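The shown structure was predicted, so the numbers you read here are calculated from the model rather than taken from an experiment. Throughout, protein chains are lettered first and strands after them, A, B, ... in sequence-line order, and every chain is numbered starting at 1. Hydrogens, waters and symmetry mates play no part in the numbers below; they use all other heavy atoms, side chains included.
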Amino acid sequence: MTTADAAPARLSNNLRSLALRRQDVPLLALYALAFALLHWAASPWGGAGFFSLWYPAAGLRFAVLWSRGARLTPWLMLTEVLTDAAVGVFPLIGPEALQAITGALRPGVTCGLAIAAVRHMAKSRGDELMLPPMTLGLAAVAAPILNAVMVIPFEAGLPADAGRYRIGVDVAISLTGLAVGDLLGILVLAPLLLWTAAVADGAVPIRIPVPHLRPLLEDVSVMALCLLLTVALWRGGLGAQPIPSLLAGAWIGLRHGRTAAWFAILAQVTVFLPYSAGPLDDGSRLELHLGLAAVVLVTWLAGSFCDAQAVARQHIDRRNRLLFQAERLKTLRAMSVAVIHEISQPLSTLAIEAAHLKSVTAHLDADTAASAALVDRKARALSDLVRRLRRFGGRDVDEPSPLPVPMLVQTACQIVGAEARASGGRLDCGPLAADLVVQAQEIELTQALVNLLRNALAASPGGTVRLTVHTRGEDVLIDVSNPVPDAPGSSGARNDARNDGGMGVGLVIARTIVEAHGGALSRSDEPGLVRFTISLPLLTGAFA
Amino acid sequence: MTDPVSVAVLDDDADLAATVARLLVRSGIPARAFVAPQDLLAAVPATAFGCVVSDIQMGEMDGFAFADALRTKDPAAALVFMTAWPTTTHAVDAVRRHGGLDYLEKPIDEARLIASVTEGLAWSQRERRIAAVTAALTRREREVFDLLVRGHSNKAMAGVLGISERTVEDHRASIVAKTRTNGMAQLVALSRGEAI
């Protein structure tokens, strides 16, 4: 497929993924109900120029888009508009309808965009701030900010007097109020919903984590102290000051991660929201919520950062284990070379004497002659084995040289053959054209093929692993395929040794080796079949 | 000198040395086994071995050091190396730098061993004949001999060596007398180590 064909195909694929699926319908119905409820629940914190300074419906929207994918964005927008119309938030016809509908559509668009953008960035960048726990935190901040910023272009084309965010108050206050409301809603509600969704999907076990006593005590006392300080300041006539909570939130988040951070957020919100729902003027309510948003934001990001650190630490631990494994393999290799040497010395004697014994006993009785012949044959086979093993494991430098593909396939199949028989599987290395030659480091490339064959055997116990070779243009393609009971792409069809006590690095190593040879390792499954393909540039001309 | 066409097998594994020696003996090649390089070196000028089959990795003295020591004592002994640790660099060194005739991997391929040893013995025999012939000649006679067997005329030799044609003729007569040869063809054969 050429690049020109690929772009429209990708576009149509993308469009198809947006289609409504059957399992989305109940979700959308539930969403409509919950959205209406949460929208209504936000009303006590309203003010001039913005709808509410605490908007949990944004958290619901964020959680659904984050866990079910940004592809649901258009359907959520539609649901929101219909729900708003159904409960009478705004009329679907009339002079204000256009403004009201665009206003209701905007948060959905911006939330979907923010999530997609953060995910895209996370994929293309590898730094610490983009580890999974941190991406959620960043998206949770990006979504409300984008929502507020997009108000201006969205409403630019509308009649000047119709804008909800322009009447009477300054645009900045109005947009800040909007962002604060969404941010609070997302950070308070989304983590809980996402956790519930993960439990419902079976991604995490249904298990309320029992916190350890000491961290719990620490967090509770920090929070209590800070809230007491808040109360003291309030009693002292300074108003409700969120700064002590900021300290508590940062402390708790940095120390114990997102779960602790979320409970801290819950505690902060439970203290401040009832207060701010009371008789306050718009200005001080906005001020208070601005502070509260900062507190919640810092708490959540601190928690996310702590968890991201933990993930990074796990990565390092895993890498250390791999290094340790590599070191052990190196030692094993040195040991095996030494063993081969130690064996080849007495084997030399044995083979020569056995051959002699065979020749001098040839005229004796059949039984003696047969014994001697057998000893000689076994000694010879053992000598062959030692020579072959030494070629594979004992050489230090592996210079690239022209390598016939049939030889590569034969060596790899010999190495894996014994394992296949032992595990009851079968290895089918079909007939090969002899004239295929690649420029390769023989031992490395053999290792790559051996890894693929091993993985395939492990993934289909008792099945037949098929190895076929064919050409395409200037490349030779080596296919390793194995049957799988499950549908391709499901977890049962994973072809790596991780489930069998291996480190799961065989595939990574194979890919690295193949790519170092200017080739590529790809996977193309069919129903009931997993297929990995090594493609290598063929050596043509004088060397072939 | 005792039997000039005999083979020494050197390996610090006594069993293997003895086995290889016995294998050669069975194939009609007289052979003796040695375990220590020093023992073999001590036996050398007295016993002129036609070919020495030596291990490379040995305890105190490795095969290459032994080869160099042997060369200084007897430049006409052929060398065949065997090893349980084959490496490309070793194989190249064995042949290029230490004058090895072959480099055998353990476990040893019997046919190849016998072929190499036979070749080594023939080479050694030629070397010894040439040495025997040229040992009797003076330095000047040796120079004339070398040019003569390459087909130079008396005049050409006189020019190259800076002596008169007459002197060249004297040297030629002396060479023929010392080597008891009869004509140019036999002299050329001698220079190649062939028996006349």
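With chain B as the partner, the residue from A/P346, A/S344, A/S383, A/S348 showing the most heavy-atom pairs under 4.5 Å is A/S348. For the set A/I352, A/I343, A/L350, A/D384, the entry with the most heavy-atom pairs within less than 4.5 Å of chain B is A/I352. Interface remark: of the candidates B/E105, B/R26, B/E110, B/R22, B/R26 forms the most heavy-atom pairs closer than 4.5 Å to chain A.
We find that B/R150 and B/D146 are not joined by a salt bridge, their nearest charged nitrogen and carboxylate oxygen being 4.0 Å or further apart. Note on B/E169 versus B/R172: no salt bridge recorded, every NZ/NE/NH1/NH2 to OD/OE distance being 4.0 Å or above. Using a 4.0 Å cut-off between charged side-chain N and carboxylate O, B/R128 and B/D74 make a salt bridge.
Checked against the 6.0 Å centroid threshold, B/F66 and B/F81 do not count as a close aromatic pair.
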